[in-house]
Participant: 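Mind looking over this structure? Questions follow.
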Amino acid sequence: MIIFLNGPPGSGKDTIANIVDKNVLSTKDIKLSKPLKDCFREMFRLPARQAKEWLNDRKEEDFAAGVTPRQFQIKLSEEFMKPLFGNDIFGQIGIRTITNTMARHFTISDAGFIDEVEEIVKYFGKDQVKAIKISRPGHDYENDSRGYIDFDSVGIDWKSLDNIHDMELLNAQVERILREWELV
């Protein structure tokens with residue numbers, strides 16, 4: 001089973017991926033943006049710890065020439081990778097990652113483009129893919145190239161999750177969804 005997590009920055013996607021991992025055996029979280037993060041690290045020859053700091057904690061700060069790490073990744077994706085290889089390129093790379101990873105279930109905690117979702121659904125089949133669409137007050141897609149995905153258009157089962165409670169209730173919400181999908 002593959003579970004797309006779709007929500008704006010700061011909505012709790014990584015936290016929800018961790019909750020799924022704790023509740024479902026043999027789960028691995030993958031990020032479709034990992035090639036972009038790897039490129040940032042390699043292009044600027046950063047040690048792993050420093051790259052992680054810039055890509056996670058300082059992603060909105062000026063890194064070089066007035067460009068933030070988030071802007072670097074967006075430009076690399078939208079102005080180079082997609083025009084050269086097609087809008088589904090990160091879906092294709094995601095398929096390779098999934099098929100080469102030893103796990104039974106996967107979360108994709110940075111789903112944000114319909115073309116990537118369609119490619120993965122086409123490859124694995126609608127019955128093997130689900131999604132959780134996450135909202136959280138004060139968090140939107142304003143400074144991000146991603147957006148909410150219309151999962152109905154690809155015909156997969158999806159659930160809405162409003163991340164407005166504490167961790168205990170967030171855990172309960174995710175566990176309820178996993179039970180509905182018979183994963184726990």
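Predicted model, so just to flag it, every value in this text is computed and none were measured.
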Participant: What heavy-atom pair brings L32 and G94 nearest, and what distance separates the two atoms?
Facilitator: CD2-CA, 3.7 Å

Participant: Using side-chain hydrogen bond (donor to acceptor under 3.5 Å, both in side chains) as the criterion, list what pairs up with E118, not counting sequence neighbours.
Facilitator: none

Participant: Provide the full list of salt bridge (charged side-chain N to carboxylate O under 4.0 Å, His left out) pairs with a residue in residues 90-111, sequence neighbours left out, each pair given once.
Facilitator: none

Participant: Please determine whether residues I114 and Y141 belong to a single hydrophobic cluster, defined as Ile, Leu, Val, Met, Phe, Trp and Tyr linked transitively by side-chain heavy-atom distances below 4.5 Å.
Facilitator: no

Participant: Can you list everything that forms a salt bridge (Lys or Arg N to Asp or Glu O under 4.0 Å) with R49? Sequence neighbours excluded, please.
Facilitator: none

Participant: In chain order, what residues pass the side-chain hydrogen bond (donor to acceptor under 3.5 Å, both in side chains) check against D166, with sequence neighbours excluded?
Facilitator: none

Participant: I108 and side-chain contact (heavy atoms from CB on, under 4.5 Å): which partner among N6, V117, I120, V129?
Facilitator: I120

Participant: Does E168 have any salt bridge (Lys or Arg N to Asp or Glu O under 4.0 Å) partners at least two apart in sequence or in another chain, and if so, which?
Facilitator: none

Participant: How does the hydrophobic cluster around W181 look, that is, which other residues are in it when side-chain heavy atoms under 4.5 Å mark a link?
Facilitator: M1, I3, L5, I16, I19, V20, V24, I132, I134, L161, M167, L170, V174, I177, L178, L183, V184

Participant: What pairs with K75 under salt bridge (Lys or Arg N to Asp or Glu O under 4.0 Å), at least two apart in sequence or on another chain?
Facilitator: E79

Participant: With sequence neighbours left out, what residues match R179 under side-chain hydrogen bond (donor to acceptor under 3.5 Å, both in side chains)?
Facilitator: none

Participant: Restricting to side-chain hydrogen bond (donor to acceptor under 3.5 Å, both in side chains), what partner residues turn up for D150, sequence neighbours left out?
Facilitator: none

Participant: For residues 90-126, which residue pairs pass the ring pair (Phe, Tyr, Trp, His ring centres under 6.0 Å) check, not counting sequence neighbours?
Facilitator: none

Participant: Suppose the criterion is ring pair (Phe, Tyr, Trp, His ring centres under 6.0 Å): which pairs have a residue in residues 23-69, not counting sequence neighbours?
Facilitator: F40-F44, F40-F63, F40-F72, F44-F63, F44-F72, W54-F63

Participant: Other members of the hydrophobic cluster containing L169, with the 4.5 Å side-chain heavy-atom rule, please.
Facilitator: none

